[in-house]
Amino acid sequence: MEFSIKSGGPERVRTGCSVVGVFEPRKLSAAGAALDRASRGHLSAILARGDMEGKLGSTLLLHNVPKIACERVLLVGLGRDGEFRDKQYREAVAAAIRTLNATGAAEAVLHLTEIDAVKRDITWRIAHAVTVTREAGYRFDRMKSRRDEKEPALRKLALSMGDKSARRRAEAGLEQGLAIAHGMNLAKDLGNLPGNFCTPSYLAEQARELAKRYRMKVQVLERDDMEKLGMGALLSVARGSMQPPKLITLEYRAGAKHSKPVVLVGKGVTFDSGGISLKPGAEMDEMKFDMCGAASVLGTLKAVAEMRLPINVIGIIPTTENMPSGGATKPGDIVTSMSGQTVEILNTDAEGRLILCDALTYAERFEPQAVVDIATLTGACVIALGHIVSGLFANDDALAKELLVAGDIAYDRAWHLPLYDDYQEQLKSNFADFANIGGRPAGAVTAACFLARFTKKFKWAHLDIAGTAWNSGKEKGATGRPVPLLTQFLIGRATKS
Ligand code: BES
Ligand code: MN
Ligand code: ZN
């Protein structure tokens with residue numbers, strides 16, 4: 001799909017379809033009213049007949065509207081204008097795209113982007129229209145022997161900015177929206193790709209390709225290198241697997257030379273069987289998604305590079321499988337992390353924190369301005385927050401706030417959870433410095449507390465995306481989250497420095 005920005009009213013535009021909004025009850029948006037005037041009341045007559053109340057997400061496709069240049073008019077319900085917020089805007093756009101995709105129109109003009117009742121600026125409205133449209137068009141059919149759906153006819157979508165004085169801001173929105181959509185698509189593809197294809201070596205290859213395409217520096221550490229660095233925690237997870245573990249580092253440096261980098265650390269467990277503490281069989285296939293943190297780091301770097309954001313960002317991805325075997329780590333085993341701290345592994349299924357802790361220690365060498373790790377870390381986080389928001393933990397309140405605000409703008413929200421020292425007691429071990437699990441109460445918090453023991457030297461935040469990185473059931477598939485949140489956060493950092 002090709003996007004463009006346009007200005008001006010809909011009446012004289014020759015296109016396959018003009019998309020305009022209707023607020024409840026039966027109230028045309030400005031662009032709708034313009035079409036209504038041009039057609040001598042054709043639209044208002046239809047509304048008066050009761051065919052379109054304006055209920056959010058409802059649609060009505062009209063053909064042969066008199067005295068206007070476009071072939072079709074699509075009316076899209078927006079709900080009540082006083083209740084028209086981010087969520088409603090996105091749902092209205094999604095409904096419009098779904099309906100458009102079922103028509104034969106090859107081109108359309110979306111006027112919903114003009115509606116300022118949403119209380120967001122034109123940059124935001126355009127960016128979100130682009131990401132929502134791209135999301136509606138996402139398919140993962142590369143593992144099917146043939147495609148099961150035919151491609152929609154829609155090829156070109158013009159996004160209306162209303163007044164042409166908004167062009168620069170609208171174009172910024174288009175650029176951001178496209179970059180975020182491309183980053184999300186990369187994260188989704190990697191997440192959806194099954195574990196027999198998406199191995200640690202495959203992720204390393206993908207990082208190398210990204211580096212080549214966008215002129216980033218890439219480094220891949222092998223098992224030997226990790227042994228030399230003393231990454232006993234990371235290596236303990238890889239012991240049961242036939243696939244060699246990797247520690248990937250990608251450096252994007254487009255900021256000032258002296259400006260310290262933001263470091264993103266993504267959990268890359270390409271399949272989490274639980275190891276010797278084997279998971280039950282039901283839905284175990286979904287543990288191919290346990291590398292979605294890593295995928296979000298790659299997706300975010302792609303988005304940042306595409307926008308050429310003037311900032312320094314480093315991605316670190318510890319990646320391995322977690323498998324049982326005769327050589328696998330056993331419950332009760334004690335390992336020494338790169339930090340020198342010893343860990344009693346009471347459950348081999350709490351492996352994410354083990355690979356992250358060494359990656360976080362490794363991050364110290366980049367003298368980061370901030371470190372954010374992203375991980376499908378705990379089932380407990382899914383119980384606490386469901387699939388709506390990601391769990392956010394931080395050792396710095398300003399950083400936490402910044403990420404919350406970025407998530408809000410990106411409609412990829414997180415919720416701040418506590419990291420009080422009082423929880424640390426749950427990690428007590430009789431034999432090592434501490435254990436890798438803290439019992440059932442507050443499982444997402446104790447996992448974050450474990451990581452906090454490795455992040456004392458920098459400002460750090462942790463995103464637990466176990467509930468948000470993929471959908472289960474009929475719509476099973478990676479979501480591309482939290483690429484929007486992370487990219488928005490970096491857009492914010494880039495404009496500040
Ligand atoms: N990858 C899982 C977390 C997970 C589980 C994400 C289910 C999404 C859905 C992680 O490695 C894990 O197994 N965590 C354990 C920790 C426990 C052993 C302390 C969990 O959450 O059960
Ligand atoms: Mn696990
Ligand atoms: Zn895991």
Side-chain angles (χ1 to χ4, degrees), residues 1-6 15-21 56-59 61 71-72 74 76 86-113 124-144 146-160 170-171 173-193 289 292 295-296 298-300 302-303 306-307 410-412 468-471 473-484 487:
M1 171 103 64
E2 232 181 89
F3 294 93
S4 61
I5 305 277
K6 74 167 286 299
T15 181
C17 189
S18 283
V19 184
V20 300
L56 179 65
S58 62
T59 55
L61 184 66
E71 292 165 8
R72 305 169 187 78
L74 177 62
V76 179
D86 299 1
K87 177 179 166 64
Q88 288 76 12
Y89 174 80
R90 291 171 52 95
E91 277 178 28
V93 173
I97 301 303
R98 269 197 307 274
T99 310
L100 277 176
N101 277 339
T103 71
E107 291 181 22
V109 182
L110 188 71
H111 289 278
L112 304 182
T113 41
W124 186 97
R125 291 181 330 242
I126 299 269
H128 282 258
V130 171
T131 50
V132 167
T133 302
R134 280 309 197 95
E135 264 185 273
Y138 179 82
R139 300 278 176 284
F140 185 79
D141 45 22
R142 83 164 82 149
M143 307 306 288
K144 303 220 188 228
R146 54 191 175 137
R147 296 231 169 103
D148 37 28
E149 288 169 70
K150 78 174 207 315
E151 293 281 308
L154 192 66
R155 284 272 148 265
K156 289 185 178 171
L157 187 66
L159 307 169
S160 171
E171 266 161 8
L174 178 54
E175 186 188 32
Q176 286 176 16
L178 280 174
I180 289 171
H182 295 157
M184 289 175 84
N185 280 0
L186 174 60
K188 286 185 198 181
D189 283 348
L190 292 171
N192 289 334
L193 199 64
F289 294 118
C292 283
S296 77
L298 295 175
T300 300
K302 183 181 174 68
E306 236 183 72
M307 289 183 290
Y411 205 75
D412 181 10
T468 53
W470 74 89
N471 297 316
K474 226 168 69 83
E475 298 292 309
K476 194 192 292 181
T479 60
R481 291 176 70 181
V483 169
T487 307

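Because the structure is a prediction, the values reported are computed rather than measured.
- Using cut-offs of 30° and 60° on the angle between ring planes, the pair Y89 and W124 is tilted.
- Rounded to the nearest 0.5 Å, atoms NZ (K87) and CG (L56) are 8.5 Å apart.
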Derivation of the side-chain contact (heavy atoms from CB on, under 4.5 Å) call for R134 and M184: CA-CA 9 Å; R134 280 309 197 95; M184 289 175 84; over 6 Å; no
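- When each of N192, T479, N185 is paired with Y138, the side chain to side chain donor-acceptor pair (under 3.5 Å) condition holds for N192 and for no other.
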side-chain contact (heavy atoms from CB on, under 4.5 Å) evaluation trace for D189 with R142: CA-CA 9 Å; D189 283 348; R142 83 164 82 149; 3.5 Å; yes
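- Considering all non-hydrogen atoms of both residues, L112 and G21 come closest at CD2-N, 3.5 Å.
- Looking at residues two or more places apart in sequence or on another chain, you find a side-chain contact (heavy atoms from CB on, under 4.5 Å) between T15 and V13, S18, C70, E107, V109.
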From CA spacing to verdict: side-chain contact (heavy atoms from CB on, under 4.5 Å), R139, E151: CA-CA 10 Å; R139 300 278 176 284; E151 293 281 308; 5.8 Å; no
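- Scanning both residues, L190 and A295, for their nearest heavy atoms gives CB-CB, 4.0 Å.
- Across A303 and A179, no two heavy atoms sit closer than the pair CB-O, 3.3 Å.
- Taking CG of L157 as the start and CD of E2 as the end, the distance is 10.5 Å to the nearest 0.5 Å.
- In terms of heavy-atom proximity, V19 sits nearest to A96 at CG1-CB, 3.8 Å.
- Without hydrogens or angle criteria, T103 side chain to L100 main chain gives a donor-acceptor distance under 3.5 Å.
- At least one donor-acceptor pair under 3.5 Å links the side chain of T113 to the backbone N or O of S160.
- Looking at heavy atoms from C-beta onward, T131 lies out of side-chain contact with Y411 at the 4.5 angstrom threshold.
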Intermediate values then yes/no, side-chain contact (heavy atoms from CB on, under 4.5 Å), Q176 and V130: CA-CA 9 Å; Q176 286 176 16; V130 171; over 6 Å; no
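- By the 4.5 Å heavy-atom criterion applied to side chains, V483 and K302 are not counted as neighbours.
- Between atom NZ of residue K156 and atom CE of residue M1 there is a gap of 12.5 Å, rounded to the nearest 0.5 Å.
- Side-chain contact between L61 and C17 is present, with heavy atoms from C-beta onward closer than 4.5 Å.
- Counting heavy atoms from C-beta outward, H128 and V93 have side chains that stay 4.5 Å or more apart.
- Rounding to the nearest 0.5 angstrom, the gap separating the CD1 atom in I180 from the CE atom in M307 is 6.0 Å.
- Closest approach of A478 and A187 over heavy atoms only: CB-O, 4.4 Å.
- Taken to the nearest 0.5 Å, the NZ atom of K476 stands 13.0 Å off from the CZ atom of F140.
- Taking each heavy atom of A170 and I5 in turn, the nearest pair found is O-CD1, 3.6 Å.
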